[in-house]
Every structure is written in C-alpha cells, then in structure tokens.
Amino acid sequence: MRNRGMARVTAFCLAAGMTFGGNGIVSMAAGMDVSLVGVGSTARIAETETDTTEGTTEGTTEGTTEGTTEGITEDTTEGTTTDGSGTEEMTEEETTSDTTADGSGADATDADGSSDEEASTEAPAETEAPLDTSMVDTVGIAKCEEYINIRAAADAENGEVLGKLYNDSAVYIEGVDANGWYKIKSGNVEGYVASQYIVTGAQADALASEVGYQVASVGAEVLNVRASADENSDIVTTVTNTQEVEVVEDLGNWLKVAVDADCYGYVSADYVQAETHYKVAETVEEEQARLDAQWLAYLDEQAQAEAEYQAYIDQQEADAAYQAQIQADAAYQAQLEADAAAQQTADAQAQAEAEYQAYLDAQAQADAAQQQADEQAAIDAANQAEAEYQAYLEAQAAADAQAQAEADAAAQAQAEADAAEQAQAEADAAADNDYTEDTSSGDGNTEDTSSDDSSTGDSSSSYGQQIANFACQFVGNPYVWGGTSLTGGADCSGFTQSVMANFGIYIPRTAAEQSGSGSAVDLGSIQPGDLLFYQGDGGIGHVTMYIGNGQVVHASNESTGITISSYSYRSPVSARRYW
C-alpha cells in the first residue's frame, strides 16, 4: 500500500492518537480517522408524564362497566348492595375501598389522599434521568470568551484552580459527574471544567477544521516543491528531511504547502507525514513562566531601544566632534600656508632691496664713469643702470603682487580659523545641551552604563560573525508580516533591518531594496553577517542572513517563525554586505 503522509482527519483523535504537549499545542497523529461522539448539550431522558389521579384510576380499571372513576364507584356500590354480580370483576382499587371502616371505597380514597393509585402515579416522577456519558473518552473543544479555569474539584467556589483552558483549545474528556462537570486532560493539566463551555460531538468535529492547522514533516532526504500538482511541473524549490512545512490545502495525492511566507508550492503526499495541531491548556506555573518570559522580553526590547538611542546620541556627538576636528585641521593648515606666504613676502622684499642696492651701485658706477669723461663707459653704465632699474621695478611689482596675494591668503586663513573656532564652540554647546537633556529625562537615572560592544571586532570577518551571533538569539520568536520587532514579531526584511540597526547599520526596509544596496558579494565568498536574497514572484521576495557552516537564519513564515535553515534550502540569487 502506498504511504499516505497526509492524515484524513475528520476532527480530532481519541486518546490513542492524540498527544498533549506543554507548549500549548495538541498534535493529531497522521492516519487517524476518528469521529467525535457526545453532543455539546447533554442528551436528556424524556420526562415521564404524570397522569392525574383520575387518569391513573381510569388506566387501572379496564374491564369495569364504565371504565372511569365515576363508573367504578357506581359499579362497586351496585355490586355490594344489590346482587353481588360484579364482585369477580372488581379492581384492586375497589377491593381496597370495601375494607374501609364505613364500607365506602370512594369516600375513603378522598379522605386521606394517599391511595395506591396516587402512589403509583408519583413513583415515575421521582426516578432520576440516567447520566449521559456518551462524550467520555472523546475529545472536545473549549468555547468561551477568553479562558475558563480548570479546577481540582467540580466546585466553582471551592475547587483549587490548577490551570487555564483558553478558547478553541482541545481537551480529552475522562469522565462526567452528576452536576454536569467534565473531568478533562489538556496539555499538562488534569481537572474539572463546567460542561457548558466544552463543545463535543458533531459541533466539535466541525470546529476542528477551523481551530487546528496541519504541518507536514518531510520523509525524503530531499523533496522537490513544484509549481503545480504535477510531477512534470517546474521545481519551485526543495526541502529536506530536517524541515517541517505548513499544509495550506490537501488535494489527495498532492499537498499545497508554504515553505516561506512568500514561497508556496506542491509536494507529493507519498513523501510527507502530516499532523494536526491544536492549542491546549496551561498550568498555573506554565502561565506564570510565559508571562515572566514576555515581561523579560519586553524589558530586553526596552533596553535595546535605550541602547540604540544612546548609540545614536553618541554617534551624533562623535560626528560633531569629527567635523569640528576637520575644521580645526583646516584652520591649522591655513595658518601654515599663511606663515609660508609671509616668509615668501619677506624673501621677495629682501630680494627687491638687494636689487635696488645693486641699482644704486650701478648708478654710482655710471656717475663715476661720467666723471671720467668716458662717454662710452658712461653710456654703457647708464644702460646697465637703466636695465637694473627696470629689473628693480619689475621685482618690486612682483613683490607687491606677492605681498597682496599673501595678505589675501592670510585674511582668508584667519576667517576660516575664526569659523572653525565658532563651529567648535557651537559643537561644544550642543554636546552640553544634549547631555543636560539626557540626564534630566526618563525615570531619574542620570547614567547609562550600557554599551554596544558588538559593534567592534578584530577584523571585518569577526565583526560579521558578531552580527550573525546576535541574530541567532531570536530563533523561535514569531513571524509577523510587516513587523520589525526581534521579540514581538518581524518579517524577513524587518528581521535583517532590526539586526543591522543594533550595530548602527541602517539599511532599506524591503528585501528588494536591501538587495540593491550595500556591497555586492560573490556567492562563493560569503561570510557570516552577509545577506542572501531569493527570487520571488516578480523579483526579489525573501532575504536571509548567512551565519556560517552552510546555514542561514531568517524570519521564514507564520508556522516556523524565526528559524535556522540550510544555506541551500532554496537557491540564493545574490548576496550583499553592509558591514
């Protein structure tokens, strides 16, 4: 016989086929085909009609002359006082009447009101209706506003509360008492609940398809997920025997399943094993543990938000200080250039003076030559002097131009230095204001000793591993479409965005946008902390984070939540690095 993985479950299974777990889920073993018995309202035995005294008398006097109480009385009187012909046909009631003190049966019955006819009439009314136990050893569904208490005894006032049974949870009915309380077992709780809150029978059968959901375990080492219920259709992706997939629809030989929130397909029913899961009750201790965990998760989320805000403030201050340092460095460089320009001016002036002195010397020589009446020498000396004077004028003009340029540069440098000094003063004032605002807000705490140690590392590879290790902390938390909370629920891109934000890395919101930013990475060179992208309908539809050893962590779907999968559970099409 071919192996059929999908259970043909009408509603629930009996004790042999159902497992209650402490995690709030009841699993239906595959292959069970059990109908529920016992209807939600307890079957009742029809009440016995109590006839009037007259009716009972009439029923017990068949064979008398008239067949009524009046006829019996008349016949009895006639049989006793006249000829006795009716003696053999007298009823039991008539015989009783003859033995009274005055001989009048009718008068004796009316006098004490406690005849045999009345006794026989009241007897059926005192009989208790048989207790309906048809729902015992079956499974029912809780139907209430929010939850009902499970008590140690069938007593709403004095029975100790052992746990809570929430709406739409499954119970196994072990017994029923005369007061209409069911003894039940659900999850790790065994006790009593009022029967009016438990739906059984056909009603529970119909409700099971609404409150339960099916999950299929893969039986094959690698199983193809196809685009349609046909072994010749395209392969959408593959799943392995370490995975569970949510069953969307049972088509008999094929099952429509959800691999991820954005990935649906069809698998052969021959290679999977299906179970139906239901909610179950939780003990008082389990409820307290759940509430404590939720509170701790809330506190962690608040602490993370505060750390992120403090990191933002620190980054703002660091950015302001960095900008101020850049401006201070620019001012210092401008001052160095101004000093150099001043030195060049001094050198140019000295050169001009030297050239002027040379001119004077040449002029003296020309004068001396003139005095010696050496006309040619005088002319030559004059020409030389003129040339040197011209050179002096040109040098002086160059020196003046250089001096002007250097003066302009010095003025510019001074202006930039003044601007840098003003910017530094404003940055310092802004930092003081931020510190004052931070210490005067909140619940009175003036220090924030939290730090983001995960944002540092010895190398880029170890930094990516820190990001991957941080992301793995949230495995088991729920998948919520459109969500970005690492504890309360996130979708695939909201999960990666929130993980990166913890390290001060801000990336786009959707998977498609994330696949177009950051730095491209070859699929053969991926490292922990890199994002892997998968094809969906019309483009990129899913994103995961590589954590090493051929595995990825991602917000998969509502059934599995945030989970760890094999790197090749689907075929990635690209990778990006943001760290």
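Keep in mind that the numbers below use all heavy atoms, side chains included, and drop hydrogens, waters and symmetry copies. Remember, it's a predicted structure, so these values are computed and weren't measured experimentally.
In this structure, Asn149 contributes its side chain and Arg151 its backbone to no donor-acceptor pair below 3.5 Å. A donor-acceptor pair is defined here as one N or O able to donate and one able to accept, closer than 3.5 Å; such a pair exists between the side chain of Asp491 and the backbone of Gly482. Within the 3.5 Å criterion, the main-chain N or O of Glu308 finds no donor-acceptor partner in the side chain of Asn502. Judged by distance alone, the side chain of Arg226 and the main-chain N or O of Ser233 form a donor-acceptor pair under 3.5 Å. Under a 3.5 Å cut-off, the side chain of Ser498 and the backbone N or O of Thr484 do form a donor-acceptor pair. Side-chain atoms of Trp181 never come within 3.5 Å of backbone atoms of Asp155 as a donor-acceptor pair (strictly under, hydrogens ignored). In this structure, the side chain of Gln327 does not engage the main chain of Ala324 through any donor-acceptor pair within 3.5 Å. Proximity of a side-chain donor or acceptor of Ser186 to a complementary backbone N or O of Ala281 within less than 3.5 Å is detected. Looking only at distances, no side-chain donor or acceptor of Asn167 sits under 3.5 Å from a matching main-chain atom of Glu146.
Using a 30° and 60° split on the angle between ring planes, Phe470 and Phe503 fall in the perpendicular class, above 60°.
No hydrogens or angles considered: nothing links the side chains of Gln273 and Ser217 as a donor-acceptor pair under 3.5 Å. Using a 3.5 Å distance cut-off with no hydrogens or angles, the side chains of Arg576 and Ser519 do not pair a donor with an acceptor. A donor-acceptor contact under 3.5 angstrom links the side chains of Tyr172 and Asp137, judged on distance only. Counting only N and O atoms by type, the side chains of Asp260 and Ser556 include a donor and acceptor under 3.5 Å apart. Side-chain contact annotation: Glu244 with Ser559, donor-acceptor N/O pair under 3.5 Å absent. A side-chain donor from one of Gln310 and Asp314 sits under 3.5 Å from a side-chain acceptor of the other. Residues Gln514 and Thr496 have side chains that bring a donor and an acceptor to within less than 3.5 angstrom of each other. Residues Ser462 and Gln465 have side chains that never bring a donor and an acceptor to within less than 3.5 angstrom of each other.
Remark: aromatic rings of His554 and Tyr569 are close, center separation under 6.0 Å.
Other residues, nucleotides and ligands place more than 12 heavy atoms under 6.0 Å from the CG atom of Asp230. Within a 6.0 Å sphere centred on OH of Tyr197, other residues, nucleotides and ligands contribute 12 heavy atoms or fewer. The environment of CD in Glu145 is sparse: at most 12 heavy-atom neighbours from other residues, nucleotides or ligands sit within 6.0 Å. Taking a 6.0 Å sphere around OH of Tyr166, one finds it holds more than 12 heavy atoms contributed by other residues, nucleotides or ligands. Glu174 CD: more than 12 foreign heavy atoms inside a 6.0 Å radius.
In this structure, Lys164 forms a cation-pi arrangement with Tyr147, its terminal cationic atom sitting closer than 6.0 Å to the ring centre and no more than 45° off the ring axis.
With contacts defined as side-chain heavy-atom distances shorter than 4.5 Å, the pair Asn188/Glu286 qualifies.
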